[in-house]
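A short worksheet on the structure shown next.
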Amino acid sequence: MKRGWIIGGAAVIVAVFAWLLFGGLQKNVVFFLTPKELLAKGTDGVGVPVRLGGQVKPGSVKWNAQTLDLRFIVTDGAREVPVHSTGAPPQMFRDGMGVVVEGRFGTAGVFEATGLMVKHSNEYRPPKPGEEAHEKYKTLIQQSSQ
Amino acid sequence: MTTAASNLNFIIAAYAVTWIVILGYLWRLVRKGGRARADYERMAQQRSGEKSQ
Amino acid sequence: MKPEGQLNSSSDRLRDPSAARPPRTSIWLAFVSIGAVIVAQTYAILTSPAEGDMGHLQKIMYVHVPAAWMTFLSFFVVFAFSVRYLWQRRENDDLLAASAAEVGATFNGLTLMLGMIWGRPAWGVWWVWDARLTSTLVLFLIFVGYLALRAFTDDTQQKARWSAAVGAIGALNVPIVYMSVKWWRTLHQPPSSPATLDPRYTMGLRLNAIALLLVMIYFIRKRYEIARLERATEHMAEAAAMGGK
């Protein structure tokens, strides 16, 4: 009797794991969409809460320290989405970094972000000789925003 | 506060949490171990006392 | 295990044979492992240069990553001894699995806390519900449940069987946690390797992993010693209640 319960319980847990691994959840555990995927959704992707991830297109960052207005372009190499956000970005935010923004894609084709996260790669290297750690560079921006 | 200074706080917090957990768990084990050993020795003596009578 | 029991009953006839002498863990292993952590951390902090993106925040790696590895290792021990318990029904295997589960849960909680402390400055958020963080939390909750199950079950055989089942199946979550960053799209980055890590960080990380491994070994051994002592005391108390036979 007790053994039956254990085997039954084990079967349920294994089934849940199997479902997690191979089932429909695989689609839902995608934490963010790429610009290409978001744009491919067409009007379905407009106005609904969604996360968008990609790289900050180098040279696209426009930061107004007075109004705390931040504009940049997120790219996946194939497509691009312009993003608008307010407030100081996380300290690691900069040109060329990976980012994930939370918010809604507006009808004007601009993603209105309510949250901004930096996504790091798995590479850890000190700056090459002649380069400076970006931390110092960011310090200047943060100070100018205060 | 500059970024570098606030980062230092996070680094210190990470190492502090690590040491609190390691030393806290170690302290718990040593105390619990002392109690378990004492209980065991007491019971063992009591048992050998009973049997030799 | 058998020779130990025989040795004990023959050399020490007065003692209950079920109370085969529990092992004794030397306190020196604690000193050595704690010392190793101090040396490894000092070496890593002093030798690693500021990272290109993260600056000195990279140094949190030396505690967060080994804590995660020791979580995985501890739960692997739980898996191995839970399976062997289910197969051979040896009481000591149950006690060893339970000891590793408590140590693993401790490292698991530490990993989560360190991840949050690192995530706030590095990502801009303390927590997100991505596949890596969520599965790590699920792993933690499974083993908190495991420990609660043990605390609230009185019958030792029932306790052992149930926790062996939960421990073995719960540990299957470890490869899921590890692979989560490869299988699914997450905010958490995939694992670094010597190819993606500057050599100046690799040595510090390895030393810290070895040091924390020593700590983990001490923790599991000591916890196992306590579990054996407590169980032996219980057996003697039961035997006494049965009339001293």
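No hydrogens, no waters, no symmetry mates; every other heavy atom, side chains included, goes into these values. Owing to the predicted nature of the structure, the values given are computational and were not obtained by experimental measurement.
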Are the side chains of C/V37 and B/T18 in contact, using a 4.5 Å heavy-atom criterion? no

Sort and list the pairs that fulfil salt bridge (charged side-chain N to carboxylate O under 4.0 Å, His left out) and have at least one residue in residues 212-222 of chain C, not counting sequence neighbours. C/K222-C/E225

Tell me if the CE atom of C/M203 is crowded by more than 12 foreign heavy atoms within 6.0 Å. no

Quick one: which residue pairs count as a ring-ring contact (aromatic ring centres under 6.0 Å, His included) with a foot in residues 26-51 of chain C, not counting sequence neighbours? C/W28-C/F31

Using side chain to side chain contact (heavy atoms under 4.5 Å, CB included), reason through C/I27 and B/V30 one step at a time and then give a plain yes or no. CA-CA 9 Å; C/I27 189 72; B/V30 168; 4.3 Å; yes

Nearest heavy-atom neighbours spanning C/K59 and B/Y15: O-OH, 2.7 Å

Under 3.5 Å, is there a donor-acceptor pair linking the side chains of B/Y40 and C/E230? no

By a 4.5 Å heavy-atom criterion (distance strictly below it), what part of B/R35 contacts chain C: side chain, backbone, both, or neither? neither

Any non-hydrogen side-chain atom of C/H235 less than 4.5 Å from a side-chain atom of B/M43? no

Is there side-chain contact between B/L26 and C/Y218, with at least one heavy-atom pair below 4.5 Å? yes

May I ask you to list the residues in residues 60-74 of chain C that approach chain B closer than 4.5 angstrom, counting heavy atoms only, ordered by number? C/I60, C/Y62, C/V63

Do B/Y25 and C/F219 touch side chain to side chain, with heavy atoms closer than 4.5 Å? yes

Portion of B/L23 that has a non-hydrogen atom of chain C nearer than 4.5 angstrom: side chain

Minimal heavy-atom distance between B/L29 and C/I226, with the atoms involved, is O-CD1, 3.3 Å

Looking at chain B, which one of C/M113, C/R120, C/Q41 has the largest number of heavy-atom pairs inside 4.5 Å, strictly under? C/Q41

What distance do B/N7 atom CG and C/Q58 atom CD have between them, rounded to the nearest 0.5 Å? 12.0 Å

Can you tell me how far OG1 of C/T106 sits from CZ of B/R28, rounded to the nearest 0.5 angstrom? 7.5 Å

I'd like to check the salt bridge (Lys or Arg N to Asp or Glu O under 4.0 Å) partners of B/R42; sequence neighbours left out, ordered by chain and number. B/D39

Using non-hydrogen atoms and a 4.5 Å limit, figure out which bit of C/E234 sits close to chain B: side chain, backbone, both or neither. neither

Can you tell if the side chain of B/W19 reaches within under 4.5 Å of the side chain of C/I34, non-hydrogen atoms only? yes

Tightest non-hydrogen contact, residues B/A14 and C/L114, listed as O-CD2, 3.2 Å

Minimum heavy-atom distance between B/R47 and C/A239, given as atom pair plus value: NH2-CB, 3.6 Å

